[in-house]
Every structure is written in structure tokens, then in C-alpha cells.
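Each ligand, and each atom within it, is numbered from 1 in the order the structure gives.
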Amino acid sequence: MFSSRRTIISSPGKVLLAGGYLVLEPAFSGLVVATSSRFYSSVSHLSSASSSTSSSSAATITVRAGQFPREQSEWVYSLSVNDNAIHLEQTNGDKVGSNKFIHITLLQTLRVSYERIVAETGRSGHEAAQELIIRMTNGGQSRGLDIVVLADNDFYSQREQLSALSLPAKIASLSSIQPFTSLPRPIAQTNKTGLGSSAALVTSLVASLLSHLDVVSLPTGNPAASTTSNLGLVHSVAQFIHCLAQGKVGSGFDVSSAVYGTHVYTRFSPSILTPLMQNAIDQIPISGDATLLPVLDPSKWDQDNRSFRLPKGLRLILADVDAGTDTPSFVGKVLKWRKENPQVSDDLWKGLDQANMRLESLLTDMVGREGEGDYDETIRCIGERTIKDLKENPTAVLIDEIRTTLFTIRGFQRKMSELSGVLIEPPEQTKLIDACCELPGVVGGGVPGAGGYDALFLLIVDSPSVVARVDDLWSNWQEMSVCPLLAKQSDGGLRVEDVNAVKGLEQALTR
Ligand SMILES: Nc1ncnc2c1ncn2[C@@H]1O[C@H](COP(=O)(O)OP(=O)(O)OP(=O)(O)O)[C@@H](O)[C@H]1O
Ligand SMILES: C[C@@](O)(CCOP(=O)(O)O)CC(=O)O
């Protein structure tokens, strides 16, 4: 009986609200907010194998990026076993080119799966390799795995789609675009919006593969309820793969939020991955001891995730600004300046970290006031700026302190820009964010993550009138092209999906 079993797991996008650059060092933390816009990975079995093609030592994997042109966005791999290794080769690279994030995710996740099969079944070598292939081919009844990856529209600029529909770059227009809308050009020629597509892709694909191959068990609904070892393994495997594919060990805040959702993140020690980064291999050894699992054992990872969320009644609203940011180049220049100016940069880092942690504390205090009788009314009045005397109202005082702290953080970012020569908050962004902050209901804002011209965020009162004010200012802004995203904050990380619960997903998977 051919199995129609399908595993769909999604990961949220990310916004590093505070802690850019500092979060690269374990001494400092970052406030990372997961977005409502998500990245989906679906794993099922390819059509049934005819007796001539079914094999216990080979399998096929096809991966399709469902919203991109199929002829340039479907990668096919063949997996085979020889005397001392499992090999994964792409078979259509000459036609569509390669996708290193997909290839590395498949290879390393299958390598983890093989090592887990050895550890759990006591089988090794060819026997364990055959067990892996049996799971990939549904007991030989299928040729292998059929994978489709899909991102919510927010991950990629929709400017062209909006102009093709003669629609203005406004929130209402974005809502009229079909979910997982087809994009005209391949990924490499598509503008991304800074939500962390690669981290969400890697994380959701690792989780869906490990789950489909029965290596981890992630219950439907809220995987956060699953055992920490399962989620912890998904986290460490995804962090390793993302670093390998990016060719550097970043802070990992983006993978952490793709797994755990919104939280205060303190990075893992980069040295944990050194043994694996130095001799990355391109096959899966089936002789000798496990080499991945001892390093990716979650109990050996020292990152910290402190729970944190935005308070009820406030909303994160995001915009994609017309030019991107070369994050690796920004990071390189800032860290070079920091190394050359240790005293000045230490003082700056400590001052900025205090402001970042003050922001966390104030937002958490706001969460603590959600049950107060005056909370909702105060938020409503702040939205229309009809509060006369802030001093009389503790919630209003807190919001005013959040506003001040966001300005303080931006001041430190401008100081970092001035001293390092890296335009973290460029003058054009300063002008735009200051103009937004003048609007009633806007608490504050800033440039997320590495900054530059990539994106901007605002913290606003979550009311239609405030959203409309911001939307209007952005759509009329002349100095830069500012396009809103639909994303809001969300608290959840990895999620096992029911295809019928996600609008447009079934159609996009079978398109
Ligand atoms: N839908 C997708 N399907 C397959 N691969 C994708 C998809 N989206 C992104 N990728 C992969 O991720 C790579 C982008 O990773 P990169 O680290 O350069 O950007 P990023 O920092 O994640 O971007 P952003 O934060 O703007 O989304 C692409 O080159 C591609 O290999
Ligand atoms: C600059 C840095 O601290 C944050 C980059 O954030 P983003 O990719 O610009 O959202 C780099 C990192 O944390 O890996």
C-alpha cells in the first residue's frame, strides 16, 4: 500500500529587535521576535517504485521550491550505498544548478538520521544504511522522498506583483495577493525581505525530514511541548547546517527563533562547531564511530533562550526598504573596528546592551500590567494620543519609557555607525523612522539586526487607525521606496502543520 503520509513542519521568520552585533558575543543577548509569516517544508513519498526500480541500496529525493519557476527550482538527488559510505549526488545540476542550502541540509540530516539509527537499533554499516533507505522508500514501495518547500509571501519582495496588479504598496494590497503566489524568477534573482529565509528553510526542512524518518517525534500543534531532546536535536542540527551552508558561524539567533519562536537569545559557544566546520565531508561514512551526534548532542550546547514576548495591544509592523544590506560585509567591518578600538567599543557595547536589556525589562513589565483595569483603555488612548497627564497612569509611563529606550538604542546605533563607518542606521532611515515616531500610536522603531537599508520595524498600538497612519506615511514616502510586510509578531517557533489549517497550502503543494 503506497503511503500517502505527509509531514509538514513550518518555522517562523525573525526580527532581531535589539542586540544586533552584540549577540555575536556570549556576554550579550538579543531580543529576537518570531514573525507570523512562516516557511513550510513538506516531506512525503515519491510515487510507488516499479519492481524494476525498487532497491534496498538506493533512493531518489526531489526537492521543489514551490513558488519559483519549476524548471529552475526543482533539484533531484540520488542516494546510493557503496562499500564504506552513503553518497548523495544531484542528478539534474546541469539543468537547474545547485542549491547549497538544500543539498547540505539533505546530506547532513540524512547523516544524523543514519547515526541515530545505529545508536537506536544497534545495527551498523550496510544494515543501518538499508534501514535508512527503507524509511526513505516506505519499505521499498516508493522511489524515495518528495519534498516541497514554500515560504509565505512576506519572505520575498512583492513589489513586482503589486505593480503587475496595478496595486499600491499598501497592507491592504498585500492581503489581496494569493498565498504562496508564484514568483517570476528563480530565487537568486528574487529580492528577499530580511525575514531569515535560509534559517527558516533549513530549520523547517531538518525538522520535517527527521520527523518523517522517525528520528525525532514532534507532536502536532505545539512542538515546544515535545521533549527538549527532540527539539534540541533539531536546533543543533539546524544551527550546524546553517553555519556550514553560510560558510561562517553567526550568532545563530535566526535558527534559534525558527525553532523556539520569540525569546531573549544568548548564543552558543562557536567552538562547539569547530570540529565539524573544519572537515565538512560530502558523504555519509557507514564505518567507524558516529561523528555528528557526539557534537550535536543538545546537552552539550550552551545557548540560552529566556522567554519573552511583546505585550498585548502592541504590534510589530515591518517594512521592506528599497535596498538590501550586505550583512556579512557589515559584520566584518564592525568587528574589525571593534578589534582595533577595544576600549571605545567596550563602552559602546556595554551602554547599548544596558539599553537593550532595559527594553526587555520594560516590555516584560508591560506584560505584567495586562490584567490591570486601566490597561486596555490606556493603550487605546495612546493610540489616539489623547492621554493628557502620563504621570497619573503607570501603563502610560511604561509606554513612554519604552519610547525613550527605543530612541536611546537608535542613538547608540548611530554612534556605532559614526565610529565604525558602517551605516547601521543610515540618515535616510533616521529621517523615515523619526517621521513615523511623530504619528499618534507609534511607540518607537528602529533598524533590526545588522541594520542598513534592508528593513525597518515599528512598535505601534495595534489598532486599525494607527496601522492606516503608518501605511499612508510609508506609501507616500518619497526619499525611499518603502513596502510594508503583512507579518506581525508571533510567539510560536517550529510547528507541525495540518495542511487544511493553512490557507492556500494544499493548492501550492500540488501546483
Ligand atoms: N524558497 C526557497 N527555496 C529554496 N531555497 C531557498 C528559498 N529561500 C531561500 N533559499 C535559500 O537561502 C538562500 C538565501 O540565504 P542567505 O543567507 O543568503 O539569505 P538570508 O539572510 O536568509 O536572507 P533573508 O533574511 O533576506 O531571507 C538562497 O540563496 C537559497 O539557497
Ligand atoms: C549582525 C548580527 O548580529 C545580526 C544580523 O541580523 P539580520 O540578518 O540583519 O536580521 C549577525 C548575527 O547575529 O549573526
Handout entry: Parallel, tilted or perpendicular: ring planes of Trp301 versus Phe268, cut at 30 and 60 degrees
Key = tilted
Handout entry: Contact (N/O only, under 3.5 Å) between Tyr21 and ligand 2
Key = yes
Practice task
Compute the minimum heavy-atom distance from Phe101 to ligand 1 and say whether it is under 4.0 Å.
Solution key: yes
Exercise for the section: With heavy atoms only and a cut-off of under 4.0 Å, state how Phe330 meets ligand 2: side chain, backbone, both or neither. Expected result: neither
Taking distance alone, no hydrogens or angles, what donor-acceptor pairs closer than 3.5 Å link side-chain atoms of residues 196-208 to residues at least two apart or in another chain?
from   : atom 1 : to     : atom 2 : distance (Å)
Ser198 : OG     : His242 : NE2    : 2.8
Thr203 : OG1    : Ala199 : O      : 2.7
Ser204 : OG     : Ser41  : OG     : 2.9
Ser204 : OG     : Ala200 : O      : 2.8
Ser204 : OG     : Leu201 : O      : 3.2
Ser208 : OG     : Ser204 : O      : 2.9
Ser208 : OG     : Leu205 : O      : 3.1

Completion exercise
Counting heavy atoms under 4.0 Å, the part of Leu24 that contacts ligand 2 is side chain
Exercise for the section: Keeping the roles fixed (side chain from Gln67, backbone from Ala508), state whether a donor-acceptor pair exists under 3.5 Å. Expected result: no
Handout entry: Polar atom proximity, Gly451 to ligand 2 (N or O, under 3.5 Å)
Key = no
Practice task
May I ask you to identify, for Val331, whether its side chain, its backbone, both or neither come under 4.0 Å of ligand 2 on a heavy-atom basis?
Solution key: side chain
Practice task
Look at atom 29 (O) of ligand 1 and say whether a protein heavy atom is found at less than 4.0 angstrom from it.
Solution key: no
Handout entry: Residue Phe39 vicinity, atoms of ligand 1 by number, heavy atom under 4.0 Å
Key = 1 (N), 2 (C)
Problem - Lys431/Glu428 ion pair, N-O < 4.0 Å - result: no
Problem - Ile284 and Leu88, any side-chain heavy atoms less than 4.5 Å apart - result: no
Practice task
Report, in ascending order of atom number, the atoms of ligand 1 lying under 4.0 Å from any heavy atom of Ala65.
Solution key: 3 (N)
Exercise for the section: Could you list the residues that satisfy side-chain contact (heavy atoms from CB on, under 4.5 Å) with Phe330, not counting sequence neighbours? Expected result: Tyr21, Thr325, Val422
Problem - atom 7 (P) of ligand 2: nearest protein contact (heavy atom, Å) - result: Lys14 NZ, 3.6 Å
Problem - The one among Gly250, Ser157, Gly66, Ser198 that brings a heavy atom closest to atom 22 (O) of ligand 1 - result: Ser198
Exercise for the section: Evaluate whether atom NZ of Lys415 has more than 12 neighbouring non-hydrogen atoms of other residues, nucleotides or ligands under 6.0 angstrom away. Expected result: no
Handout entry: Gly194 touching ligand 1 at heavy-atom level, < 4.0 angstrom
Key = yes
Exercise for the section: Go through the side-chain N and O atoms of Gln354 and Asn356 and say whether any donor and acceptor fall under 3.5 Å apart. Expected result: no
Completion exercise
When distances are taken from atom 5 (N) of ligand 1, the protein heavy atom at minimum range is Asn99 ND2, 3.1 Å
